[in-house]
Every structure is written in structure tokens, then in C-alpha cells.
Amino acid sequence: MTAPATSNFYRLHPRVQQWIASKKWPSLREIQELAIPPILAGDKDVIITAATAQGKTEAAFLPVFSQLVDQPAKGIQVIGLGPLKALINDQHRRLSAIGDCLDVPVCPWHGDIGSGPKQRLLKQPAGVLLITPESLEALFVLRGQELNRLFASLSYIVIDEMHSFISIERGRQLQSLMQRVEQVVGRPVPRIGLSATLGDMSLAAEFLRPGQQERVQLVQSFAKGDELKLQLRGYRSSPTPDPDEEEDETTPPPDALDIAQHLFQSLRGEKNLIFINSRRQVERYADILRNLSAEYRVPNEFMPHHGSLSKELRAEAEEALKRDHPVNVICTMTLEMGIDVGAVQSIAQIGPPSSVASTRQRLGRSGRRAGDPAIMRVYVSVPQLDSYTSPEQALYPDLVQAIAIINLLLEGWYEPPIAGRLHISTLIQQLLSSIAQQGGIRADQAWHDFCEAGPFQEMEQGLFIKLLRCLGERDLIQQSQDGLLLLGLKGERLVNHYTFYTAFSTTEEYRISTPENVLGTLPTSMPIAEEMVLLFAGRRWQVQSVDSEKQVVMVVPADGEGQAPRFGGSSGFVHDRVRQTMREIYRSTDMPVYLDDTAKTLLKEARTQFRDCGLDQEYIVGEDEQVLLFPWRGSLVMNTLQMLLLDSGLKASQEGLAIKVKGVEPDELMPYFQSLVNLGPANPLRLADVVRTKRSEKYDWVLTDELLNHNYVARFFDPQGTWETVSEICSGG
DNA sequence: GACCTGCTGCGGGTTG
């Protein structure tokens with residue numbers, strides 16, 4: 001150890017010091033030093049944030065273990081929550097290495113863990129429990145009466161990859177579960193959150209301890225990651241297809257062949273990750289690259305990995321990454337975090353990334369060995385301009401979005417958490433779960449625990465009462481003589497099914513299978529016919545039979561051209577800041593150094609097209625009988641603005657960066673916008689009536705129109721931001 | 001044209 005005498009190292013328990021000494025680490029990392037005092041103090045919540053591969057897990061757990069050795073107790077002392085089963089397995093491996101030396105048991109608990117270890121822990125609760133939010137939910141529902149015995153001496157709650165929970169249903173469930181744990185033990189338990197990509201620290205603190213940010217201490221290391229090597233490669237795609245003609249689904253477009261050719265030449269013989277924005281594209285590239293390998297008579301080193309592949313096929317790709325052989329895995333966000341893939345030489349990203357945070361997360365997969373640079377190649381293609389190209393497409397939005405995201409990444413900015421969502425669906429789950437856990441709850445107590453002093457602080461009391469009434473009418477809950485809320489018949493059925501434990505909703509799927517192996521799943525929304533040739537799991541298959549009853553698609557290996565499945569789904573939100581940065585890039589003349597020659601030429605063209613249609617001066621561009629409005633804002637403002645226009649009887653649709661309005665002239669829109677400015681921010685609830693499809697969360701089917709509207713507008717509208725945008729457009733700023 | 005995550009109890013068979 002080269003640590004100075006004042007090092008916090010010496011505050012750790014001697015047995016923990018011994019363990020560290022046995023590892024022969026040259027010294028503790030900065031983040032590991034800094035985390036020791038606040039965690040040992042045990043009177044505050046702590047956020048630990050540092051670049052990837054800086055040892056955040058150890059930063060949290062060295063002082064946590066120190067405390068456990070210092071003050072041994074019966075019962076579970078630490079709950080470690082993680083977003084992925086694979087991550088929990090990985091943490092278990094790393095932490096039990098320490099725990100074994102200190103006689104502190106570490107128990108993994110999730111759906112793939114057999115009943116043996118679970119029963120042993122229930123019989124003899126001790127040490128560290130590593131668990132998913134869903135499995136913790138199951139413990140509350142099924143073992144409500146035993147929780148006190150299990151958790152009475154709980155000292156810490158640790159959340160791994162905290163960013164992956166923030167702003168989504170699962171995160172709200174996690175917050176609620178932490179609060180319910182504290183209620184069971186009757187005191188606050190220090191919470192420790194770990195992440196590399198938290199945008200706004202005060203909002204991250206708000207997530208960790210809602211309403212009590214002052215309790216949260218930030219431990220941040222500014223130790224820079226290693227060098228970053230970056231290239232953005234530009235490609236021209238084929239001419240925009242005639243919209244009247246059917247798209248040919250089986251022949252790859254020339255730009256995809258060019259990109260695949262470059263991947264093939266530059267990545268073979270190494271170990272790399274290739275990120276693509278959709279599962280369909282993963283399958284297309286896997287097919288092209290397999291064919292290239294066959295053409296050149298070399299072994300295929302490209303394997304697909306995405307969420308619709310079976311566990312076995314995914315494990316195969318993961319195992320290949322761990323072995324000491326060249327392999328390139330083509331994946332969606334499935335390999336953004338999770339399994340330790342070891343050292344990969346580089347990251348490729350095909351198509352524009354949609355968020356800064358996920359790009360940073362992907363980049364963290366490369367250059368993990370000290371001294372190795374992180375390498376990322378971004379491939380973006382733009383359409384060939386012809387008579388079908390719209391002015392919006394001629395701005396090459398994909399290219400400029402990729403540049404905007406890279407620039408924001410280099411500035412160190414990440415998307416902050418989204419505030420204001422009601423999460424009514426998750427509140428329903430938590431109410432039902434809490435009733436199951438305790439046998440019944442009082443309405444006023446539930447209001448206090450979940451909303452007034454709990455994680456659902458955006459709910460107003462009036463709305464909460466309406467929700468209880470709605471749940472009563474739908475027979476999810478009922479009220480007993482003495483005023484206790486109990487489960488209704490339907491509520492009972494929901495809670496007793498194993499799908500209850502997840503907060504997020506899922507779509508119906510077919511299983512796709514050969515006589516020997518399950519390959520994965522396909523959404524039932526996809527039209528499938530017998531004889532059809534599909535690209536799946538990096539190979540070609542012919543459909544033999546479809547069993548709609550058992551929901552199974554049987555396939556056999558096939559030759560010939562096939563098409564990649566459409567998996568459906570919706571794209572992620574783009575943040576306002578990304579769109580505003582895009583506008584700055586169009587207006588600037590700076591040429592980013594990481595662009596290749598084609599990308600430089602394309603950026604120059606995009607800027608010329610931006611000026612030529614007057615967007616350097618105006619927000620609205622006229623085109624015969626229709627206008628394109630460029631608000632330079634993210635998804636929420638775009639949605640709100642589109643609905644405002646539709647509400648006024650205008651034919652408005654979203655076209656990438658722009659909103660297209662048919663049948664008007666630019667001059668006619670300005671007086672309308674001026675009236676919107678004068679009226680002030682719109683009433684979003686009235687606007688929600690315009691929207692036809694509002695169900696997206698798990699229990700939305702339960703809600704009355706009024707509750708559904710409230711839930712929808714809190715999630716998909718931004719009236720204030722939209723009013724500011726319209727004001728900006730009117731003032732010409 | 002568009003991501004991802006997760007889940008229990010129980011019965012019946014096999015193996016040590």
C-alpha cells in the first residue's frame with residue numbers, strides 16, 4: 001500500500017485491511033478512499049459516482065463489510081438491489097470472495113436461483129442479500145409476516161446501477177420498496193446508490209431519498225477515464241424509395257453493405273461490441289456479416305445478442321466474449337451493462353445514439369484495462385437527395401444527432417431524471433402488494449405512507465381518493481366494516497399470479513423454436529405465415545407451422561433470401577438539450593475533428609441545406625400547401641405541440657425534427673401561435689382528450705378516463721416548455 | 001422505423 005498515514009484505509013476493520021493487503025492493490029482508488037467516512041458514519045445516504053471500471057462496488061462494500069465485521073448481528077444486514085440477474089450473479093462472485101474471508105455470507109436471490117439457497121437464507125438470515133426489485137416484491141407479498149424477523153438488524157441498502165432505475169416504473173417500485181422496508185424495521189436505513197452516469201446530482205439525490213435531499217451525501221471521483229479515440233464515419237444510402245412502391249425487405253441497402261464491409265475488415269480477429277438501435281437491424285447485420293464470412297471462406301466471428309433471443313443463445317454469445325478468441329457481438333442495449341464481458345478492443349455504434357447516458361455506458365465497455373484507450377466508431381448513413389426527399393430529411397438529422405450526442409458526452413452532460421410523472425400504475429401495484437403484505441391497510445395511512453410522506457408525492461389527495469374508488473368499482477379492492485382496505489376478488493387474482501411482481505408491462509409473444517432448440521420470441525403482433533423465411537439468431541429459417549393456441553412458431557433451417565422480423569416497440573425520448581445542441585451545430589461552422597472525410601462533406605451539405613431553406617432565420621419552412629415547423633425541442637414538447645395543433649383542427653404530424661402541418665401557409669400559423677402565447681401554458685388535461693391511444697403502463701386498463709388522462713399528461717406532455725417554445729418562435733429568438 | 005428489465009409454487013422424475 002502506498003496510501004499515506006492519514007489514509008481512510010486505516011479506518012476500515014483490520015480484517016478488511018488484511019483482505020485488501022492480500023489483493024496486493026497498489027493503493028485504494030480515489031473513489032474508494034472517499035466513500036469510507038460517510039458509509040462508516042452510517043447516518044446519511046450516499047451517492048457514489050465515478051467513471052466505469054473505477055471500483056464503485058468495492059467503494060461501497062469495503063466500508064459496508066467493515067461495519068458488518070465490527071458489529072455482527074443476526075438477520076440480513078445488507079440488501080443489495082440490482083437491475084439484472086446477470087449483474088447479481090457477477091456481484092455475488094466478487095463479493096463472496098470478500099465475504100468468505102470475513103465470515104459474512106452473501107446470498108444471491110432472483111428467479112433463476114433454486115429454492116435451496118432461498119430456504120437456507122429464510123431459515124438462517126444473515127449477511128448480504130443480493131436481489132432484484134421483483135424478487136423483493138415477492139418477499140413482501142408472500143412472506144409479509146416474516147419480514148421483521150428477516151430485516152430487523154438491517155444496516156444498509158445498496159443500489160447498483162442506480163441510473164437504470166431512475167424515471168421509470170421500476171424505479172418508483174424500488175423507492176416504494178425501500179420505504180416499506182424501513183417501515184417494517186421502524187427506522188431509516190442508510191441508502192447507498194452507485195452509478196457512472198447520473199446527470200443532475202440533486203435530482204439523483206431526490207431519487208435516492210425523496211423529499212430529503214439534505215440527508216444525501218455525494219461521493220464523486222473526478223479521476224478521468226483513460227484516453228478516448230473516437231471516429232464518426234459517414235455513409236450515403238440508396239435513393240429514398242418511391243413511397244408508392246413496396247419496400248424490398250430481403251435485399252440489404254448498399255450503405256448497410258458498405259458499413260458491414262468496414263466492420264468485417266476492421267474488427268475481425270479482435271474482440272469488439274457492435275451496438276445497433278433495433279433487434280431487426282441486429283438480425284440484418286448478423287446475416288450480412290455471416291454471408292461475408294462465407295464469401296471470404298473464413299470462420300464467422302459475428303454473433304447476435306438481443307432481448308428476444310433465448311437465454312441459451314444469449315449465454316453462448318456471452319461465453320464467447322469471455323473466451324480468449326476473437327469474436328464480435330452485434331447487440332442492442334442488452335450488453336450496455338450487466339455481464340462482465342472482459343476487455344473488448346472497441347465499440348461500434350451503428351445509427352445515431354438516442355441518449356448521452358447510454359452512449360457513455362456503452363463506451364465504458366471498452367478500454368477497461370489501465371492504459372488502454374476507449375475506442376468508439378460511430379457509423380451513420382444519410383439519404384441520397386432526390387425529388388422525394390423532404391426538407392427535414394435533407395438536414396441529415398441522424399448525422400447531426402450523432403454529433404450532438406457526442407459533443408454533449410465530451411462536455412460531461414447526461415440526461416437528468418424526468419420529474420412530474422404520476423406512476424399511477426405502480427401505485428396500484430404497491431397498494432395491492434401492501435394489502436397482501438399486511439392483510440389490510442387504512443386508506444388514510446396509505447395516503448400518508450405512499451403519497452404524503454412517500455415516493456408518490458406528485459399524487460394529489462383528491463386524485464388518490466378517486467383512484468381508491470376506481471379500484472373498488474373494478475373489484476381490485478374492497479373496504480371492510482371497520483374501514484380497512486382489503487383485496488377484492490379481482491385484486492386477489494392479480495396478486496396471486498406470479499406476473500404481479502413486475503411494475504413494467506410486457507407484450508404478448510410467440511415462442512420461436514426448432515424441433516431441437518428454443519431460439520427466442522416474436523411479438524404476436526407480427527404477421528407470420530407458413531413457408532415464410534425469417535432471419536433470426538443470425539441464421540435463416542423457414543416457418544413450418546404456427547400454433548396460435550400454444551403460441552409457438554416452429555421453424556427449420558432454410559436457404560434463400562429472408563426478412564428480419566419486426567419486433568415492434570417504441571423509441572426512447574430525446575431530450576430538449578439534444579435538439580437544441582443540434583440547432584447550434586447547424587448554425588456553427590466548427591468541424592468536429594472526429595468526423596471522417598465523408599462525414600465532413602455530409603455535415604457541410606446539411607448546413608447548406610439548413611441555410612438554403614431559411615432555418616438559420618426562421619422556425620417555419622413553407623412547402624406547397626404544407627409547412628414544416630422546427631421547434632428544436634425533445635419528445636415531450638413535440639408531442640404537446642402536435643396535440644395543440646390537432647386540437648385546433650389543423651392536420652399536424654411529426655416528421656423527425658419537424659412538425660408537418662398540411663393545408664396552411666407559414667403566414668397563417670404565426671397569428672395562431674401569437675394567440676397561444678397570449679393564452680399562457682395550455683391545459684394539458686383538455687388536450688389529452690385529443691389523444692386516442694393512452695394506455696401504456698401495466699394497470700392503465702383499470703383506470704377511469706379521468707385518471708388515465710392525468711397519468712398520460714404527466715408522462716407525455718410539457719405544457720410549460722411548449723409555451724416557452726412557442727413564445728420563442730413568436731419573438732423570432 | 002423504433003430498447004430493456006422480471007417473476008412462485010408445486011408436482012413429478014432422477015440421482016446419491
Side-chain angles (χ1 to χ4, degrees), chain A residues 81-88 109-115 118-119 122 131-143 160-161 163-174 177 237 240-241 243 247 249 253 256 275-284 305-309 311 314 331-339 349-355 357-359 361-362 381 383 393 397-398 401 426 429 433 436 494-507 509 520-521 523 525-526 563-574 635 654-656 696 698:
Chain A
L81 286 147
L84 303 173
K85 292 184 283 194
L87 209 58
I88 286 174
W109 185 307
H110 55 67
D112 294 347
I113 302 285
S115 60
K118 291 177 178 171
Q119 291 304 325
L122 291 173
I131 194 166
T132 59
E134 289 75 16
S135 284
L136 187 56
E137 190 77 62
L139 276 178
F140 270 90
V141 171
L142 301 169
R143 306 190 180 269
D160 195 23
E161 304 282 8
H163 65 275
S164 72
F165 292 110
I166 297 181
S167 299
I168 59 174
E169 295 291 286
R170 233 180 153 197
R172 189 55 62 96
Q173 175 187 29
L174 176 63
L177 286 169
S237 96
T240 325
E247 191 198 344
E249 300 226 339
F275 287 98
I276 309 193
N277 295 336
S278 75
R279 288 169 282 194
R280 182 176 170 84
Q281 294 279 45
V282 167
E283 292 294 353
R284 281 184 174 163
H305 190 286
H306 58 73
S308 293
L309 291 184
K311 204 164 89 178
R314 287 164 68 166
C331 58
T332 57
M333 64 182 290
T334 43
L335 289 179
E336 228 170 72
M337 58 181 184
I339 62 137
Q349 162 74 41
I350 301 179
S354 67
S355 88
S358 83
T359 310
Q361 205 69 34
R362 290 172 186 191
S381 50
Q393 289 172 311
D398 282 1
Q401 179 170 319
T426 306
Q429 182 210 31
S433 171
L494 289 174
V495 170
N496 286 331
H497 196 265
Y498 67 91
T499 53
F500 174 73
Y501 311 121
T502 50
F504 53 88
S505 65
T506 48
T507 50
E509 289 171 331
T521 57
S525 58
M526 186 188 158
Q563 65 181 76
R566 290 170 197 277
F567 292 93
S570 56
S571 59
F573 284 178
V574 177
S635 313
Q654 289 191 43
E655 308 268 308
S696 62
K698 190 172 180 184

Integer-rounded Å distance: [N] [atom2] and [X] [atom1]:
{"X": "A/Asp112", "N": "B/dT5", "atom1": "CG", "atom2": "P", "result": "12 Å"}
{"X": "A/Arg566", "N": "B/dG1", "atom1": "CZ", "atom2": "C1'", "result": "8 Å"}
{"X": "A/Glu134", "N": "B/dT5", "atom1": "CD", "atom2": "C1'", "result": "7 Å"}
{"X": "A/His497", "N": "B/dC7", "atom1": "NE2", "atom2": "P", "result": "15 Å"}
{"X": "A/Glu509", "N": "B/dC4", "atom1": "CD", "atom2": "P", "result": "10 Å"}
{"X": "A/Ile276", "N": "B/dC4", "atom1": "CD1", "atom2": "P", "result": "12 Å"}
{"X": "A/Gln361", "N": "B/dC3", "atom1": "CD", "atom2": "C1'", "result": "14 Å"}
{"X": "A/Leu494", "N": "B/dC7", "atom1": "CG", "atom2": "C1'", "result": "15 Å"}

Exercise. Got a donor-acceptor contact below 3.5 angstrom from the A/Arg170 side chain to the A/Pro83 backbone?
Worked result: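 Present.
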
Problem set entry | Sidechain-backbone polar pair: A/Gln349 side chain, A/Gly351 backbone, donor-acceptor under 3.5 Å |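 Confirmed, A/Gln349 side chain pairs with A/Gly351 backbone.
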
Does the side chain of [X] come under 3.5 Å of the side chain of [Y] through a donor N or O and an acceptor N or O?
{"X": "A/His306", "Y": "A/Thr334", "answer": "no"}
{"X": "A/Arg172", "Y": "A/Thr426", "answer": "no"}
{"X": "A/Lys698", "Y": "A/Thr502", "answer": "yes"}

If you compare every side-chain N and O of [X] against the phosphate oxygens of [N] (OP1, OP2), does one of them come in below 4.0 Å?
{"X": "A/Thr499", "N": "B/dC7", "value": "no"}
{"X": "A/Thr506", "N": "B/dG6", "value": "no"}
{"X": "A/Thr132", "N": "B/dC7", "value": "yes"}
{"X": "A/Arg314", "N": "B/dT5", "value": "yes"}
{"X": "A/Arg279", "N": "B/dA2", "value": "no"}
{"X": "A/Ser278", "N": "B/dG1", "value": "no"}
{"X": "A/Arg280", "N": "B/dA2", "value": "yes"}

Problem set entry | B/dC7 base stacked by A/Tyr501 (centroids within less than 5.5 Å, tilt under 30°) |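 Stack criterion not met.
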
For this session: Using a 4.0 Å heavy-atom cut-off across all strands, classify A/Thr502 as base, sugar-phosphate, or nothing.
Result: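 Counting heavy atoms under 4.0 Å across all strands, the contact made by A/Thr502 includes a base.
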
Among the nucleotides [options], which one has an atom lying closest to any side-chain atom of [X]?
{"X": "A/Phe504", "options": "B/dG9, B/dC7, B/dG6", "value": "B/dG6"}
{"X": "A/Met333", "options": "B/dC7, B/dG1, B/dC4", "value": "B/dC4"}
{"X": "A/Thr332", "options": "B/dT5, B/dC7, B/dC4", "value": "B/dC4"}
{"X": "A/Leu142", "options": "B/dG1, B/dC3, B/dT8", "value": "B/dT8"}

Exercise. Which residue lies toward the 5' end of DNA chain B, A/Thr334 or A/Gln281, if each is placed at its nearest nucleotide?
Worked result: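 Whichever sits nearer the 5' end wins; that is A/Gln281.
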
Exercise. Which residue, A/Ala138 or A/Pro83, contacts DNA chain B at a nucleotide closer to its 5' end, judged by nearest heavy atom?
Worked result: A/Pro83

Seminar exercise, completed: The side-chain contact (heavy atoms from CB on, under 4.5 Å) partner of A/Ile88 among A/Asp112, A/Leu81, A/Thr132, A/Asp160 is A/Thr132

